[in-house]
Student: 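Quick one: structure below, then a few questions.
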Amino acid sequence: MVGVMQSPAEDLIGRAARDLLGAKYAIALTGAGISTESGIPDFRGPSGVWTRDPGAESRAYRSYDRFIADPKKWWEERLSAPSVLGDLSSVAPNEGHFALVELEELGLLQSVLTQNVDGLHEIAGTKHLIEYHGSFLKLRCVGCGARFARDDYDLEKLKEEGKLPPACSRCGGMIKTDGVMFGEPIPEDVARLSVAEARRCDLMLVCGTSAVVYPFADLPRIARSRGKSVTIVEINAEPTPLTNEGISDYLVQGKTGIILPRIVAEVKRLKT
Ligand code: NAD
């Protein structure tokens, strides 16, 4: 009898499904890669914003300083120039986002920690979501940390009336977008919760991130510092420092929009 040959990715999809079924507290970390199949460019992938325009990277590194120096001017520019990520209001989640929702609904995934600001995990329906770098759907007070829906403030009207930056309706502090800029501290609440999740999990799925942006990239390292009681699985188009430094146990190489739904299908097959 001739056996059916399985590709390495196939083997690893099965391994990831078995690891998920055996885990007590699995979490997922995601980065820009999970949203490229929704049409949002990443930064460092082959067609990334910074790969195509290296000058955009150094401009991004100065944005928080520019906000602090002149918040009114920063807001005026923000409202008149398109985002480097394109029009985020017209994008939709893809199969990768929905696969994580399905894993959560199956009781196999306890939380999703994302670096993405595109809001797509929330739109897809992930319930336990930590948006480490904030969300473009929200605004945040620099003073008290309160978050608001973007629509809670009529930003165009405030611009016309010369009343930018918006003032916090709770404490009167200065409002910025919720997205965390380079050089800006990670909001204390998400930083604390994320470290707690990395310390608690016994399985971490790291999806579509180059794992070079800190402090987010510390989270797999915090998990690995607990030794082999944690399994770290990468799902990425290419190897990353986590792969090369042996932080992850294995890499399932490919697109998250293809690999994650196949892991979900395998989980369901094994459960029946
Ligand atoms: P990154 O651009 O540094 O790395 C993306 C990684 O994902 C690369 O390794 C790339 O090869 C891989 N990748 C691309 N498409 C993939 C796919 N379909 N399937 C699997 N892997 C894929 O992104 P990062 O690590 O998230 O760091 C960038 C920072 O910029 C983050 O902090 C994030 O906040 C921000 N950012 C956010 C968005 C967004 O919200 N969608 C987009 C770009 C950048």
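These numbers come from the heavy atoms of this one structure, side chains and all, not from hydrogens, waters or symmetry mates. All ligand and atom numbering here is 1-based and tracks the order in the structure.
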Student: Is Cys207 touching ligand 1 with its side chain, its backbone, both, or neither, if touching means heavy atoms under 4.0 Å apart?
Tutor: neither

Student: Apply salt bridge (charged side-chain N to carboxylate O under 4.0 Å, His left out) to residues Arg226 and Asp202 and explain how you reach the verdict.
Tutor: CA-CA 9 Å; Arg226 292 166 41 227; Asp202 60 354; over 6 Å; no

Student: Please classify the His133 to ligand 1 contact at 4.0 Å (heavy-atom distances, strictly less than): side chain, backbone, both or neither.
Tutor: side chain

Student: Would you call Arg224 and Glu245 a salt bridge, taking side-chain N to carboxylate O under 4.0 Å as the test?
Tutor: no

Student: Within ligand 1, which atoms have a heavy atom of Glu238 less than 4.0 Å away?
Tutor: 8 (C), 9 (O), 10 (C), 11 (O)

Student: Under 4.0 Å from any heavy atom of Gly254, which atoms of ligand 1 are there?
Tutor: 19 (N), 20 (C)

Student: Are Trp75 and Tyr153 near enough that their ring centres are under 6.0 Å apart?
Tutor: no

Student: Would you mind telling me if ligand 1 is within reach of the side chain of Glu37, the backbone, both or neither, using heavy atoms under 4.0 Å?
Tutor: side chain

Student: I need the atoms of ligand 1 closer than 4.0 Å to a non-hydrogen atom of Ala32, numbered in the order shown.
Tutor: 23 (O), 24 (P), 26 (O), 38 (C), 42 (C), 43 (C), 44 (C)

Student: Would you call Glu266-Arg18 a salt bridge at under 4.0 Å N-O?
Tutor: no

Student: When you look for heavy atoms under 4.0 Å from ligand 1, do you find them on the side chain of Asn236, its backbone, both, or neither?
Tutor: both

Student: Side-chain contact test, heavy atoms from C-beta onward, threshold under 4.5 Å: evaluate it for Tyr250 versus Asp11 and give yes or no.
Tutor: no

Student: Where is the tightest heavy-atom contact between Asn236 and Cys207, given as atom of each residue plus distance?
Tutor: OD1-C, 4.5 Å

Student: Before accepting this row, confirm whether a basic side-chain N of the pair Asp178/Arg147 lies closer than 4.0 Å to the acidic partner's carboxylate O.
Tutor: yes

Student: For Ser35 and Asp118, does a side-chain donor sit closer than 3.5 Å to a side-chain acceptor?
Tutor: yes

Student: Given Gly33, Ser47, Gly31, identify the one with the heavy atom nearest to atom 16 (C) of ligand 1.
Tutor: Gly33

Student: Answer whether the closest heavy-atom distance between the side chains of Thr240 and Thr209 falls below 4.5 Å.
Tutor: no

Student: Short N/O distance, under 3.5 Å, between Val213 and ligand 1?
Tutor: no

Student: Taking heavy atoms and a distance under 4.0 Å, where does Val180 meet ligand 1: side chain, backbone, both or neither?
Tutor: neither

Student: Gly208 heavy atoms, cut-off 4.0 Å: which ligand 1 atoms fall inside?
Tutor: 5 (C), 6 (C), 7 (O), 21 (N)

Student: Ignoring angles and geometry beyond distance, decide whether Ile235 reaches within less than 3.5 Å of ligand 1 through its nitrogen or oxygen atoms.
Tutor: no

Student: Please work out, at 4.0 Å between heavy atoms, whether the side chain, the backbone, both, or neither of Asp42 comes within that distance of ligand 1.
Tutor: both

Student: Does the N or O separation between Phe43 and ligand 1 drop below 3.5 Å for any pair?
Tutor: yes

Student: Should one rank Asp118, Leu29, Leu88 by closest heavy-atom distance to atom 41 (N) of ligand 1, which comes out on top?
Tutor: Asp118

Student: Which pair of non-hydrogen atoms, one from Ile232 and one from Ala223, has the smallest distance, and what is that distance?
Tutor: CD1-CB, 4.1 Å

Student: Give yes if a backbone or side-chain nitrogen or oxygen of Thr240 is under 3.5 Å from a nitrogen or oxygen of ligand 1, and no if not.
Tutor: no

Student: Could you tell me, atom by atom, which parts of ligand 1 come under 4.0 Å of a heavy atom of Pro41?
Tutor: 42 (C), 43 (C)

